[in-house]
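Report on one structure; see the data block that follows.
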Amino acid sequence: MNKFVEEIVKILKDKISLSSEKIEALIEVPPEEKFGDYAFPCHILSKELKKPPQEIASKLSSELKPKELIEQIYPIGPYINFKVNREKFAEYVLQDIYEKNLDYGLDTQGKRKTIVMDYSHPNIAKPFGIGHLRSTVIGNALYNIFRKLGYEAIRINHLGDWGTQFGKVIAAYKMWGEEKELSSDPIATLYDLYVRFHREVEGRPELEEEARRWFKKLEDGDSEALGLWEKFKNYSLEEFNRIYKMLDISFDSYAGESFYNQFIEKTIDKMNKMGLTEISQDALIVNLEKYGMPPCLIRKKDEASLYATRDICAAIYRYETYHFHKALYIVGSAQKLYFQQLFKVLELMCYPWANNLVHVDFGWVKFKQVMMSTRKGNIVLLEDVLNKSIDLALKIIKEKNPDLENKEKVAFDVGIGAVIFANLFTRRNKDIDFDWDKVLNFEGETGPYVQYTHARLCSLIRKYGQPVENQVYFKSLSTEEEHRLIKRLEDFPRRIKSSAREYDPALICSYLIELASLFNRFYQKERIITENVESTKARMLLVKAVQTIIKSGLSILGIKSPEKM
RNA sequence: GCGCCUAUAGCUCAAUUGGAUAGAGCAUCGGACUUCGGAUCCGAGGGUUGAGGGUUCAACUCCCCCUAGGCGCGCCA
């Protein structure tokens, strides 16, 4: 709570029969500037006082006295509106940002709390598609957000490196694969094999059996199977790391599915002893009918393990290793039911922390033309998307800023930033329409727009050519545009918290668009560097603050902030 | 068949989680000071918030019922 809201609470407290906390929670920021800076809605008082809220608002307003931070108090309809002293407000906010710099918005709410995050999790032997990008960038942004709030965060890349699919790939490789081809272009070769398998299995159902046998061999530690698997895995990791490097994303642990094999027997034993399991149609299951869910399969009739089995082990291992306060699974919403089952099973196993598991689900990435399904073989490769975006950025730079020195590097940052921003911009529960025209449009509500604004701010700072000071004449920063900008700056820490609460980086995206657009409007209307020394100094402090917050916000999203572009 | 999610301007999305006159971008049309970056800014048109009912001071938001689309529902992950 800032000290302006604090003062409003103080002013209201004597006149209203509500606790300070309640009053604070009710205070809101009006939707439009002309209503004021803060407002208190009087609706809830009307029952108690038996009067219409409008009347209460107007009566109370006349009784309340402005103080030093709050200059005006007046009613509009059922609201009591407050206007802050703009000079004091500007000083309060800008000093704070000046001092804290990129640490503005740091918080201690997560102190000594660990949050474990499972995201990205690409499948070995399959290309890194655009579908995995969403999990990857949401996870990365949430990691930054929680770190900012003081949490200890652990990034886990739960590689899809185990399962029947490897039976398929091995079987296919044994039938049609060649070492030479594999070593020259590993992922594409493996992927082709995978696709071919699915094509041929339609006419030859016995292949399915063959694949199952290979997976069983793998689980039993057969050396040939294991050797192939390891080879495939290493090749795949090389490719993934190339992508992670482009995105500048890293992980604390790459413990994939295969890692948890060692715990499977013990875990299943425990479940059996607790009486949770039963045999049904030759498979081992946990019956969840009581909870309105289909059963959770633990072991197949051929004794091979399943995804759920390994995930149960993983959750237990993670708790024992990290003692997490929360564990997030950043996985598409197609798996919603699955995670409900998983969490329920863990709850039935009497782990109290089962309540702290969260499925952070997100919508599909849909394509206008081609639907992507790794089984059928249509897929948009993330690397292609990134490269295409970088190329376009380079083209635009050559047109607009031919003298820029390190064009390639900047084009890289802008191109990647555009893709990340576009992926994060839509609220995560919604599907995204993947549309090349949109992704490659760098105008309007896009990453490059925010980056451009940042570059413009940096350019001003360069032009100014002297250090920005924090002792300025704050009263000169009280025009409508300046005040709105400063209010938006002050909102940054709150946005980070909301974003964490909702596990959604999209809130930071729209915040940055709002901030950048407010600044651009101000920039267009007012000249910043002028003959007037006092005004220039004050405005440069504002410029510096906006630049700092944009940079900080972009970095939370995992996007670079070039100083020129 | 059952369950979950989604539906807001021509298109893509917002809306402080039940609050003040539902806002942006793209696209379209019309504009912007011979100095700070035009990837910018200003203006215009464009809406029965899928349809219908209900709850209350107040509904895009909550409840019910339809309609359309997506996803999921036993040996994939």
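Proteins get letters first, then strands, A, B, ... in listed order; numbering begins at 1 in each. These numbers were taken from a predicted model, which means no experiment stands behind them.
For B:U67, the base adopts the anti conformation, since its glycosidic angle falls more than 90 degrees from zero.
Among the protein residues, A:Pro41 comes within range of no part of the nucleic acid, since none of its heavy atoms lies under 4.0 Å from any strand. Using a 4.0 Å heavy-atom distance criterion, A:Arg428 is classed as making no nucleic acid contact. As judged by a 4.0 angstrom heavy-atom cut-off over every strand, A:Gly77 is placed among residues making no nucleic acid contact. Nucleic acid contact for A:Lys34: base, since at least one base atom lies under 4.0 Å from a heavy atom of the residue.
In this structure, CZ of A:Phe197 is placed 15 Å from C1' of B:A77, rounded to the nearest angstrom. At whole-Å resolution of the value, CZ in A:Arg488 and P in B:A14 are 17 Å apart. Computed from coordinates, the A:Trp214 CH2 to B:C76 P distance equals 18 Å when rounded to whole Å. Separating the CZ atom of A:Phe40 from the C1' atom of B:U16 is a distance of 17 Å, rounded to the nearest angstrom. Rounded to an integer number of Å, the gap from A:Glu289 CD to B:C2 C1' is 13 Å. Straight-line distance from the CZ atom of A:Phe362 to the C1' atom of B:C71: 13 Å, rounded to whole Å. One interatomic measurement links the two molecules: CD of A:Glu445 to P of B:C26, which rounds to 8 Å at whole-angstrom precision. Per the geometry, OH belonging to A:Tyr260 stands 16 Å off C1' belonging to B:A77, to the nearest Å.
Here the separation of B:G3 from B:U16, taken at their P atoms, is 29 Å to the nearest Å. Using P as the reference atom, B:A51 and B:A59 are 16 Å apart when rounded to the nearest Å. Rounded to whole Å, the separation between the P atoms of B:A32 and B:C71 comes to 49 Å. To the nearest whole angstrom, the two C1' atoms, one in B:U61 and one in B:U17, are 7 Å apart. Of the C1' atoms belonging to B:A20 and B:G52, the separation is 28 Å, rounded to the nearest Å. Comparing B:G25 with B:C63, their C1' atoms sit 34 Å apart, to the nearest whole Å. Distance check on atom C1': B:G47 versus B:A24 gives 14 Å, rounded to whole Å. When the C1' atom is compared between B:G69 and B:C57, the two are found 37 Å apart, to the nearest whole Å.
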Applying side-chain hydrogen bond (donor to acceptor under 3.5 Å, both in side chains) to A:Gln547 and A:Lys544, what does each step give before you reach the verdict? CA-CA 5 Å; A:Gln547 184 260 327; A:Lys544 178 73 186 144; 3.2 Å; yes

Run the numbers on A:Trp229 and A:Trp162 for side chain to side chain contact (heavy atoms under 4.5 Å, CB included), then give the verdict. CA-CA 9 Å; A:Trp229 170 78; A:Trp162 206 251; 3.6 Å; yes

Start with the C-alpha gap between A:Lys551 and A:Leu457, add the side-chain angles, then the distance that decides, and say whether side chain to side chain contact (heavy atoms under 4.5 Å, CB included) holds. CA-CA 10 Å; A:Lys551 185 171 179 178; A:Leu457 286 155; over 6 Å; no

Side chain to side chain contact (heavy atoms under 4.5 Å, CB included), that's the test. Do A:Ile124 and A:Phe240 meet it? Break it down for me. CA-CA 9 Å; A:Ile124 301 301; A:Phe240 297 154; 3.9 Å; yes

Given A:Phe362 and A:Trp364, is the ring pair (Phe, Tyr, Trp, His ring centres under 6.0 Å) satisfied, shown in steps? CA-CA 7 Å; A:Phe362 54 86; A:Trp364 278 102; 9.0 Å; no

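Closest to the A:Arg427 side chain, of the nucleotides B:A15, B:A20, B:U8, is B:A15. Listed nucleotides: B:A77, B:U17, B:U12. Nearest to the side chain of A:Asp433: B:U12.
Counted within 6.0 Å of NZ on A:Lys216, heavy atoms from surrounding residues, nucleotides or ligands total more than 12; the atom is thus considered enclosed.
Each of A:Lys430 and A:Pro30 lies near RNA chain B, and the nucleotide nearest A:Lys430 is the one positioned closer to the 5' end.
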Between protein and nucleotides 31-41 of chain B, map the contacts as a letter string: B base, S sugar-phosphate only, - none, heavy atoms under 4.0 Å, written 5' to 3'. -B--BBBSBBS

Atom pairs, protein N/O to nucleotides 72-75 of chain B N/O, distance under 3.5 Å:
unit_1	atom_1	unit_2	atom_2	d
B:G74	O6	A:Ser280	OG	3.2
B:G74	N1	A:Ser280	OG	2.5
B:G74	N2	A:Ser280	O	2.8
B:C75	O2	A:Lys301	N	3.0
B:C75	N4	A:Gln281	O	2.3

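For RNA chain B, each stem of at least three Watson-Crick or G-U pairs (distances under 3.5 Å) is given as range with range: B:1-7 with B:67-73, B:10-13 with B:23-26, B:28-32 with B:40-44, B:52-54 with B:62-64.
In this structure, A:Tyr511 and A:Leu507 have side chains that are not in contact, with every pair of non-hydrogen atoms separated by 4.5 Å or more. Looking at heavy atoms from C-beta onward, A:Val29 lies in side-chain contact with A:Tyr38 at the 4.5 angstrom threshold.
Applying the ring pair (Phe, Tyr, Trp, His ring centres under 6.0 Å) test to pairs two or more places apart or on separate chains, those with a residue in residues 289-313 of chain A are A:Tyr307-A:Tyr338.
For the side-chain hydrogen bond (donor to acceptor under 3.5 Å, both in side chains) with A:Asp37, the qualifying choice from A:Arg484, A:Lys83, A:His483 is A:His483, the only one to do so. Partner of A:Ile56 under the side chain to side chain contact (heavy atoms under 4.5 Å, CB included) criterion, chosen from A:Ile16, A:Ile44, A:Leu45: A:Leu45.
Ring geometry for A:Phe339 versus A:Phe343: interplanar angle of 30 to 60°, hence tilted. In this pair, A:His158 and A:Tyr260 present their aromatic rings tilted. The plane angle is within the 30 to 60° band.
For the residue pair A:Arg310 / A:Ser305, a side-chain donor-acceptor distance below 3.5 Å is found, with atom types taken as modelled. Remark: the A:Asn520 side chain and the A:Thr453 side chain contain an N/O donor-acceptor pair separated by less than 3.5 Å.
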Identify each donor-acceptor pair in which a side-chain atom of residues 521-532 of chain A lies under 3.5 Å from a protein atom, sequence neighbours left out, and give them as a table.
unit_1	atom_1	unit_2	atom_2	d
A:Lys525	NZ	A:Glu481	OE2	3.0
A:Glu526	OE1	A:Arg539	NH2	3.4
A:Arg527	NE	A:Ile529	O	3.2
A:Thr530	OG1	A:Asn532	N	3.3
A:Thr530	OG1	A:Thr536	OG1	3.3
A:Asn532	OD1	A:Glu534	N	3.1
A:Asn532	OD1	A:Ser535	N	3.0

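For A:Asn81 against B:A20, a side-chain N or O and a base N or O form a donor-acceptor pair under 3.5 Å.
In the region residues 495-515 of chain A, proximity to RNA chain B at under 4.0 angstrom, judged on heavy atoms, holds for A:Glu502.
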